[in-house]
Protein chains: 2
Amino acid sequence: MESRIERLCIDRGLKMTGQRRVIARVLSEAEDHPDVEELYRRATSLDSRISVATVYRTVRLLEEKGILERRDFGGGRARYEASEHGHHYHLIDIDTGKVIEFEDEEHERLMRQIATRLGFDLVSHRMELFARKRNEDAATVSAAGIAAGPEPEPAAARRFPVEKRFGGRGR
Amino acid sequence: MESRIERLCIDRGLKMTGQRRVIARVLSEAEDHPDVEELYRRATSLDSRISVATVYRTVRLLEEKGILERRDFGGGRARYEASEHGHHYHLIDIDTGKVIEFEDEEHERLMRQIATRLGFDLVSHRMELFARKRNEDAATVSAAGIAAGPEPEPAAARRFPVEKRFGGRGR
DNA sequence: CTATCTGCAAATGATTTGCCCACAT
DNA sequence: ATGTGGGCAAATCATTTGCAGATAG
């Protein structure tokens, strides 16, 4: 009943309102990297008395509290994931928008070493790989975006192949 | 008289207008990673008959042509740099917004290897280090943002220490 | 009870675009 | 000449915020 993230919120002394509880639950159950729009969709499907503004406010609050981590996978909107999924990196399939996580022990050490060499203390770092599934069958050239497998990633994915380009802030 | 980037534009058959020539020159002479606002400032100081819209259009065009590369250093606006500065990475001083470039031969190979292991072909990748200058004297705790050294990076830098937070698209 | 939250709508800021005129080729 | 580029202002989009009412502790 009490989601993992709700627990974290309570521990940090956050006032738990109905909408926060729902959002916390949605975040706790998320296995992907939803953007605000998607979080809003999932949250309202559980309790319609939630507005996007609240999702934005909550997501920001949780990020400041270190419970959530904001990601930028190039789709134009921020994506979120619970902090305690451990340190890992992301590889984004540029044809489907699907995100794959992977670890690499060597990296953090290497980056820290580089920062040190430059006279700095590493505070945080970011690394994303944009790649395309290796030619498996043969027919996948322009058909890729159409028949891609399951789509764990929400809306944003659909805009990936086409590389949306208009209004608002781009890319 | 003919800037390095103007040359590239001509080679790719782009129609060279007065404003493009100026923007190309500004880009060719840039030693930092200016955002559109800064490019606009520099361009208009050479020829006032240029609008921001044109800078945006040009910068996007050059990016599509592979002449420019767009960067995101977390300031909320895109930063640009000529492609042919060779492959390198960036370390952003989170107190001053200053950007330091560094190389790391090992990285690309390592990333490509990871992508391959996951069944993908690496198309592009991104990596940024956010760090803080290692404690030199002692007095640098909250005074940092005030007395930072030279500021090769434009406007955006000033908003870094405070971690701007309002309106528009944030962070 | 009171500080904090929420919904709603309006505001923001970066970036794009429609329209019509100017210009490079 | 003619398709392409530019200025200006309006449009977009993700995100934030002011305000008045709701609510947790």
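Values in this document were obtained by computation on a predicted structure and should not be read as measured data. Lettering of chains follows the sequences in order, A, B, ..., and the numbering in each one begins at 1.
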Rounded distance in Å - CG (A:Asp47) to P (C:dC5): 18 Å
B:Glu63 and its salt bridge (charged side-chain N to carboxylate O under 4.0 Å, His left out) partner, picked from B:Arg57, B:Arg71, B:Arg79, B:Arg70: B:Arg70
Spacing of A:Glu63 atom CD relative to D:dA14 atom P, expressed in whole Å: 18 Å
Nearest-Å distance for atom pair CZ/P, residues B:Arg79 and C:dA14: 13 Å
Residue B:Lys15, side-chain atoms from C-beta onward, closest of D:dG5, C:dA14, D:dT16: D:dG5
Below 4.0 Å: OP1/OP2 of D:dT17 and any side-chain N or O of A:Arg57: no
Verdict with supporting geometry, B:His90 and B:His33, ring pair (Phe, Tyr, Trp, His ring centres under 6.0 Å): CA-CA 10 Å; B:His90 303 89; B:His33 310 74; 4.7 Å; yes
Phosphate OP1/OP2 of C:dT15 contacted by B:Tyr56 side-chain N/O (<4.0 Å): yes
Closest nucleotide among D:dT15, D:dC8, C:dT15 to the B:Ser51 side chain: D:dC8
Separation of C:dG13 C1' from B:Tyr40 OH (nearest whole Å): 16 Å
A:Arg7: partners by side-chain hydrogen bond (donor to acceptor under 3.5 Å, both in side chains), with sequence neighbours left out: A:Glu2, A:Asp11
Sugar-phosphate, base or nothing in reach of A:Arg20, heavy atoms under 4.0 Å: sugar-phosphate
5' precedence on DNA chain C between A:Thr17 and B:Tyr80 (nearest-nucleotide basis): A:Thr17
Stepwise salt bridge (Lys or Arg N to Asp or Glu O under 4.0 Å) test for B:Asp104 and A:Arg117: CA-CA 12 Å; B:Asp104 185 11; A:Arg117 188 182 311 148; over 6 Å; no
Nearest-nucleotide comparison on DNA chain C, the residue closer to the 5′ end among A:Val55 and B:Met16: A:Val55
Options C:dT15, D:dA9, D:dG6, nucleotide nearest the side-chain atoms of B:Ala53: D:dA9
Atom-to-atom span, CD1 of A:Ile50 to P of C:dT6 - whole angstrom: 9 Å
Between P of C:dT16 and CD of B:Glu64, the distance in whole Å: 10 Å
Short side-chain donor-acceptor distance under 3.5 Å, A:His88 and A:Glu81: yes
Atom pair distance, as rounded to whole Å: CG in B:Leu39 and P in C:dA14: 14 Å
Spacing of A:Asp72 atom CG relative to D:dC13 atom P, expressed in whole Å: 19 Å
